[in-house]
Amino acid sequence: LQTQVFKLGLAKSIHHARVLIRQRHIRVGKQMVNVPGFLVRTDSQKHIDFALDSPLGGGRDGRVKRKSMARKEKGGGDAEEDED
């Protein structure tokens with residue numbers, strides 16, 4: 001699975017593919033897979049994709065993005081408010 005995720009272009013490297021799989025961002029068909037050594041059958045190769053609930057697959061935004069959006073809505077406090 002790790003090599004297939006890389007070859008499909010879902011990951012930038014083999015190591016990145018392994019991390020994505022371990023962090024549960026990859027699914028095969030409807031099944032969430034978190035084992036990089038998962039053997040994918042040839043008929044299931046076309047069903048490798050990002051998980052539906054993953055931020056990479058169109059799910060809810062990640063923790064950091066949600067926090068930064070909440071901070072922006074609240075009023076900021078960033079260094080952009082510099083006035084001379």
Side-chain angles (χ1 to χ4, degrees):
L1 178 63
Q2 177 179 343
T3 307
Q4 293 297 321
V5 168
F6 171 63
K7 286 185 177 182
L8 286 172
L10 298 176
K12 297 177 182 177
S13 68
I14 293 278
H15 305 290
H16 186 223
R18 186 175 194 86
V19 170
L20 288 177
I21 295 166
R22 289 299 298 166
Q23 292 177 351
R24 302 174 58 91
H25 290 292
I26 302 295
R27 66 184 168 108
V28 178
K30 294 181 180 179
Q31 181 182 6
M32 176 83 66
V33 181
N34 66 345
V35 180
F38 181 81
L39 290 177
V40 182
R41 294 183 177 178
T42 53
D43 58 335
S44 297
Q45 285 180 356
K46 58 183 168 275
H47 299 292
I48 298 173
D49 199 11
F50 288 115
L52 297 175
D53 58 345
S54 165
L56 301 173
R60 190 170 93 162
D61 289 335
R63 180 184 61 87
V64 174
K65 188 169 183 180
R66 288 195 314 262
K67 296 246 182 203
S68 65
M69 293 299 284
R71 199 175 323 121
K72 284 182 184 177
E73 289 176 4
K74 228 176 189 182
D78 291 1
E80 296 174 359
E81 298 175 354
D82 231 1
E83 292 183 16
D84 288 336

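Just so you know, these numbers come straight off a predicted model, no measurement behind them. The residues of the chain are indexed from 1 along the displayed sequence.
Closest non-hydrogen pair, Ile26 versus Val5, comes out as CG2-CG2, 4.0 Å. The heavy-atom pair separating Ala11 from Leu20 by the smallest distance is CB-CD1, 3.9 Å. Met32 and Ala51 get closest at one heavy-atom pair: CE-CB, 3.7 Å. In terms of heavy-atom proximity, Val28 sits nearest to Phe38 at CG2-CE2, 4.2 Å. Between Asp43 and Lys46, the shortest heavy-atom contact is O-NZ, 3.3 Å. Scanning both residues, Gln45 and Leu8, for their nearest heavy atoms gives O-CD1, 4.2 Å.
Under a hydrophobic-cluster definition in which Ile, Leu, Val, Met, Phe, Trp and Tyr are linked whenever side-chain heavy atoms come within less than 4.5 Å, directly or via other members, Leu56 and Leu10 are assigned to the same cluster.
Residues Asp53 and Arg60 are not paired through a salt bridge, judged by the lack of any N-O separation under 4.0 Å between the basic side chain and the carboxylate.
Under a cut-off of 6.0 angstrom, the local environment of NE2 in His16 is crowded, with over 12 non-hydrogen atoms contributed by other residues, nucleotides or ligands.
With hydrogens and angles disregarded, a donor-acceptor distance shorter than 3.5 Å links the side chain of Arg66 to the backbone of Asp61.
One finds the OG atom of Ser44 at 11.5 Å from the CG atom of Leu39 (value rounded to the nearest 0.5 Å). Within the model, atoms CZ of Arg71 and NZ of Lys67 stand 9.0 Å from one another, a figure rounded to the nearest 0.5 Å.
Using a 4.5 Å heavy-atom cutoff, the side chains of Pro36 and Arg22 are in contact.
Partner Gln2 forms a side-chain contact (heavy atoms from CB on, under 4.5 Å) with one of Val40, Val35, Ile21 and no other, that one being Ile21.
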